[in-house]
Amino acid sequence: RSHLLLDLSYPTAMRPFGLWPLLFASPAPEISPAGQVVNHFRELYRDLDDANVNVQYTPSISFNYVVPPSETDSSSWRCDSQKDVLESRADGADKFFQCVSASHESRKPLALYLPGLDGKGISANLQFDDLAETFEFWRMTVSTDDKTSFTGLVDAVSKFINDAAVMFDRDVVLIGESFGGLLAPAVAIRARSEYFRAHNGEEHLLDPIKGLVLVNPATSFEDTNWSTFAPLLAQLKHLKDDSGQNSNLPFGLPTPYSVVGGLALAASIPDSNQFQRIVSLITDTKVRSAEELTDVLENMVAGFGILDDQLPADIVEHRVGQWLPVGSKVVNPRLSSLNVPTLVIAGQEDNMLPTKKEADRLVNIMPNCTKMEIEGSGHFVLDERVNLTNAIIESNIAPIELPKIDYDPIADWELPSDDIVRETIENRVKPLRNLVSPVFISTGQDGRRRMGLSHLPASEDGKPMLFVANHQFGGLDLGIIISQLIEERSIKARGLAHPIVFQSGNGNPFGGNDGPAQTEQVQDANGDPFSPGLFETFGAVMVTPRNYYRLMQTGQNALLFPGGVREVFHGKDEAHQLFWPEKVDFVRIAAKWNATVVPISAVGAADSVNILIDAPDILKLPFGIGERAANNSANVMSARFDGDEQSELFQPPFALPKPLPARHYFVFGTPMDTEHLDHSDKEGCENFYDNVKSEMMRGFDDILQARENDSWKDTARRIAFEQVTGKIAPTFSVNELH
C-alpha cells in the first residue's frame with residue numbers, strides 16, 4: 001500500500017471544548033460574541049484538518065478515523081488524546097486498518113462520511129461523537145487547494161473502501177452530505193462492478209456498500225442556478241483591492257468575493273431558526289466606544305475571510321464547474337438501477353438546493369429508498385436538533401443488527417440543552433403565550449397568594465413534588481406549565497401524558513413493508529427525529545401506574561391530570577369542575593415516597609370557545625356520523641389501567657373558537673406535604689385527597705372572582721400591548737385574591 005501515508009503528528013492548535021478556552025482564558029482581554037464565533041469556526045476548521053489520525057491517499061485527500069469519544073480524555077472527537085489512543089495501537093500503515101478493527105473486535109460496521117464542497121464537513125461535526133460510538137467512523141477530508149477531478153475523488157474513496165472494508169470482509173455505510181450526497185452514489189455505482197471476494201477457490205462479485213445516507217444531496221444540482229452564479233462569483237477574485245492595506249484602518253478590507261459570497265451563503269444556507277440566532281448575535285452586540293466599533297469591524301472582516309481561506313474563488317470555480325456537473329451526468333442516469341438501501345434526509349427549508357422536491361424524486365426512481373423530511377431545517381440540517389446515528393439505526397439500511405442502548409425513560413432522562421430549551425419555548429410555547437397571556441400565582445404555607453412562582457417549594461434531591469392540575473379544554477396547558485416551571489424556578493416536572501401522545505412513535509417509523517421501502521417520515525427539527533416528539537424530549541411519559549410509581553420512587557417531580565380526557569373534552573356547562581376518579585391511588589403513592597403535592601387550578605381555555613354539541617351527543621348524530629365517532633373513540637387506548645376503551649370517551653365536543661382567546665390563569669395552591677401521611681391509612685389518604693380537591697376549588701373560586709377586575713383579560717388591547725412592548729400585560733392586584 002505505497003499510497004498510504006499515516007500521519008500521527010499532533011495538531012498545532014487543538015481546541016477540545018470549542019468556545020470554552022476563549023471564555024476562560026486569562027489574562028486575555030474580553031472577546032466579543034462575534035469574535036468568539038469567528039475564533040470558534042477557525043479553530044473548528046483547524047481541528048477538522050488535524051484532530052484525528054489521517055490516512056492519506058493523495059497529498060490532498062485523506063481519510064480520518066475518529067476514536068470513540070468514550071475512549072478519550074475529553075469525550076470529544078476534538079482532542080489530543082484521539083491520537084494518543086491510536087499511537088499506542090498502530091504499528092505502521094499496513095497494520096493500521098486491522099488495528100482499528102481489532103479495537104472493537106470487528107463488531108462495529110464501518111461508516112464513512114463524505115463532505116460537501118468545503119471538503120471538511122463542518123456542518124456535520126456535531127454528529128461525529130455519536131457516530132464514532134456506534135460505528136467505526138471515518139470521515140473524508142479534501143484540502144483547500146485540491147483540484148482533483150470527480151473521477152479522481154471516486155477513485156480515492158473506492159481505494160479506501162477496498163483497504164478498510166473489502167480486504168477484511170466488512171460492510172460500509174456511506175454518508176454523503178450536499179456534494180457528498182452526489183459522490184456517495186457514484187462510489188456505490190463503481191463498487192457494484194469493482195470488488196470481488198474469494199469463496200471456495202472462486203472469485204465472486206462483492207458489493208460492500210450496504211447502505212447510503214444522502215443528506216440534502218446535490219443530485220439536484222442540475223435544477224439550480226449555481227452553475228451560472230458560481231462562475232460569476234468566482235470572477236470577483238480579479239477585483240482584489242489592496243488599497244485597504246494602505247488605508248488608516250487597523251485592518252485590511254475584505255475581498256469583493258468574500259463579501260458577495262458570504263452574503264449569498266448567508267441567504268441560502270441558514271434555516272429560519274439558524275437565521276434567528278445570527279440576527280440575535282448581531283442585535284446583542286453592543287458598540288459603546290471606538291474600540292468596540294473597531295472590534296466589530298475586525299470580526300466582520302475576519303468572518304468574511306473564512307470563506308476566502310476555506311473556499312477560495314478558484315476552488316469554488318473548479319468544484320462547481322467540474323465536480324457537480326460531471327457527477328450529475330454520471331450519477332443521475334444510473335440511480336434507477338442502484339438497488340442499495342438508501343435514506344434521504346431532507347431539510348424542508350433548504351434554500352440552496354431544491355431538496356424537498358429532490359427527496360420525492362429519489363424515492364420514486366431508486367428501488368430501495370426512503371426519505372425523512374426534517375421540518376424547519378435548511379441546508380445545514382445536521383445540527384444539534386437531529387441525531388443522525390439514531391436515523392441510521394432506525395432505518396432499513398443498518399448493515400448488521402446494532403446493539404441497542406438500554407435507555408430507561410424514567411431514570412435516564414435529562415432535560416435538553418439550554419439552547420434547545422430556549423429555542424423550543426420560543427417556537428412552540430411563546431406563540432400560545434402571546435395569545436393567552438398566562439398569569440401565574442403561587443401560594444405560601446400561610447395560604448396567601450403571590451404573583452409568580454416564587455413561593456413554590458424548592459426542589460430537593462430525593463424528595464419528589466407532584467403537581468396535580470385540572471386538564472383545561474383542549475389539553476394545551478401541559479407545555480405552558482412545564483415551560484414556566486423550567487424558566488422561573490428551574491423545576492423539571494415530568495408530564496404524565498395520555499397514551500395517544502405516544503402512539504405515533506410505535507414501530508418502525510419507515511413503515512413495515514417487506515419490499516422496497518418508499519415511505520416518508522416528517523419530523524420536527526426541534527426534537528429527536530425518532531422519538532415520538534417533544535413530549536418525550538421534555539420528559540413526558542405515558543400515564544401508567546408503574547411510570548407514576550417509579551417517578552415518585554426516584555425522587556422526580558411529576559405533573560398529573562387526574563381528570564384526563566373527561567376534563568379535556570368537558571361539556572357546555574362543565575367548566576371549572578373536577579372529574580376525578582373515586583380511587584385515591586395517586587395520594588397513596590405520593591405518601592409512600594413523602595412527596596409534596598401542589599394543586600394547580602387552571603382557568604381560561606373553556607372561556608375561549610363556544611361549545612355547540614357535547615361529546616356524548618355527537619355519538620347520537622345521524623347519517624353514520626355518530627357511529628363513526630363511536631368507533632374512533634373505541635379504537636383509542638384508555639389512559640386508565642382499570643378501564644377499557646369503551647369506558648373513556650375519546651371524542652371532542654363540537655366547538656368553535658371565540659374571536660379572541662381568554663386570558664389564562666394558573667393558581668398553584670398551598671403545598672401539601674405527605675411526610676406524615678401513612679400510605680396504608682385508607683381513611684387518611686381519602687381525607688388528603690379531598691383536601692387536594694378542596695384546595696383546587698378554592699383556586700377556581702379565587703381566580704374567577706379576581707379576574708373580573710383584570711381590565712386586560714379579554715381585550716385585543718392586551719395582545720397588542722404585549723406585542724409592542726414585549727412585556728406581560730398588567731393584571732389584577734394580588735390583593736384581590738385575599
Side-chain angles (χ1 to χ4, degrees), residues 111-117 121 123-124 127 131 172-189 209-224 269 271 324 327-328 330-383 385-399 508-513 515-525 528-530:
L112 172 62
Y113 171 80
L114 306 178
L117 286 183
S123 58
Q127 307 294 329
L131 288 167
V172 184
V173 173
L174 289 183
I175 306 167
E177 183 178 17
S178 193
F179 166 73
L182 179 64
L183 178 60
V187 173
I189 292 167
I209 310 300
K210 298 304 178 185
L212 295 175
V213 182
L214 309 181
V215 183
N216 289 343
T219 49
S220 62
F221 170 73
E222 293 176 330
D223 293 332
T224 72
I269 287 182
D271 58 44
L324 288 167
S328 297
V330 169
V331 170
N332 281 323
R334 297 171 171 84
L335 286 175
S336 60
S337 60
L338 184 57
N339 191 9
V340 175
T342 302
L343 170 64
V344 179
I345 298 179
Q348 288 191 334
E349 291 187 15
D350 190 353
N351 295 317
M352 176 166 280
L353 296 170
T355 298
K356 188 174 181 180
K357 177 182 176 183
E358 180 66 4
D360 292 333
R361 184 181 78 92
L362 294 177
V363 166
N364 288 330
I365 67 172
M366 297 183 72
N368 193 0
C369 181
T370 66
K371 68 174 180 177
M372 185 179 78
E373 295 183 348
I374 308 298
E375 182 180 348
S377 276
H379 195 65
F380 277 9
V381 69
L382 297 179
D383 61 10
R385 298 169 292 177
V386 171
N387 190 314
L388 181 58
T389 304
N390 283 351
I392 297 172
I393 291 174
E394 297 293 339
S395 74
N396 65 328
I397 69 171
N508 179 3
F510 293 91
N513 51 324
Q518 297 184 355
T519 58
E520 65 178 277
Q521 180 77 359
V522 179
Q523 296 292 343
D524 192 303
D528 187 313
F530 290 97

Is it true that a side-chain atom of Asn216 and a backbone atom of Phe380 form a donor plus acceptor pair closer than 3.5 Å? no
N/O donor to acceptor pairs below 3.5 angstrom from side-chain atoms of residues 173-183, sequence neighbours left out:
residue : atom : partner : partner atom : Å
Glu177  : OE1  : Tyr113  : OH           : 2.6
Glu177  : OE1  : Ser123  : OG           : 2.9
Glu177  : OE2  : Ser123  : OG           : 3.0
Ser178  : OG   : His379  : NE2          : 3.0

How far apart are the closest heavy atoms of Leu343 and Ala391, and which atoms are they? CD2-O, 3.9 Å
Kindly give the heavy-atom pair with the smallest separation between Asp383 and Gln127, and that separation in Å. O-NE2, 3.2 Å
Find out whether Leu117 and Leu324 are in side-chain contact, i.e. whether some heavy atom of one side chain is under 4.5 Å from a heavy atom of the other. yes
Report the C-alpha distance between Asn332 and Ile365 in whole Å, list the side-chain angles of each, state the deciding distance to 0.1 Å, and finish with yes or no for side chain to side chain contact (heavy atoms under 4.5 Å, CB included). CA-CA 10 Å; Asn332 281 323; Ile365 67 172; 5.9 Å; no
To the nearest 0.5 Å, how far apart are CD1 in Ile345 and CD in Glu373? 12.0 Å
Checking Leu212 against Leu338 for the side chain to side chain contact (heavy atoms under 4.5 Å, CB included) test, could you report, in this order, the C-alpha distance in whole Å, the side-chain angles of both residues, the deciding distance, and whether it holds? CA-CA 10 Å; Leu212 295 175; Leu338 184 57; 3.9 Å; yes
Between atom CG of Leu214 and atom SG of Cys369, what is the distance when rounded to the nearest 0.5 Å? 7.0 Å
Heavy-atom closest pair, residues Val381 and Val386: O-CG2, 3.5 Å
Working to the nearest 0.5 Å, report the span between CD1 of Ile392 and CG of Asn387. 9.5 Å
In chain order, what residues pass the side chain to side chain contact (heavy atoms under 4.5 Å, CB included) check against Thr224, with sequence neighbours excluded? Phe221, Trp226, Leu353, Pro354
Are the side chains of Asp350 and Lys357 in contact, using a 4.5 Å heavy-atom criterion? no
Spacing of OG belonging to Ser220 relative to CE belonging to Met352, to within rounding of 0.5 Å: 11.0 Å
For Val340, is there any backbone N or O sitting under 3.5 Å from a side-chain donor or acceptor partner on Thr342? yes
Approximate separation, where rounding is to 0.5 Å, of Asn390 CG and Ser395 OG: 11.0 Å
Side chain to side chain, Lys371 and Leu362, heavy atoms closer than 4.5 Å: no
Please give me the minimum heavy-atom distance between Ala359 and Ala346, naming the atom from each residue. CB-CB, 3.9 Å
Identify, with sequence neighbours excluded, every residue that meets salt bridge (charged side-chain N to carboxylate O under 4.0 Å, His left out) alongside Glu358. Arg361
Nearest non-hydrogen partners of Gly347 and Thr355, listed with the distance: N-CG2, 4.1 Å
Which atom pair, heavy atoms only, marks the closest approach of Gln348 to Glu375? OE1-CA, 3.5 Å
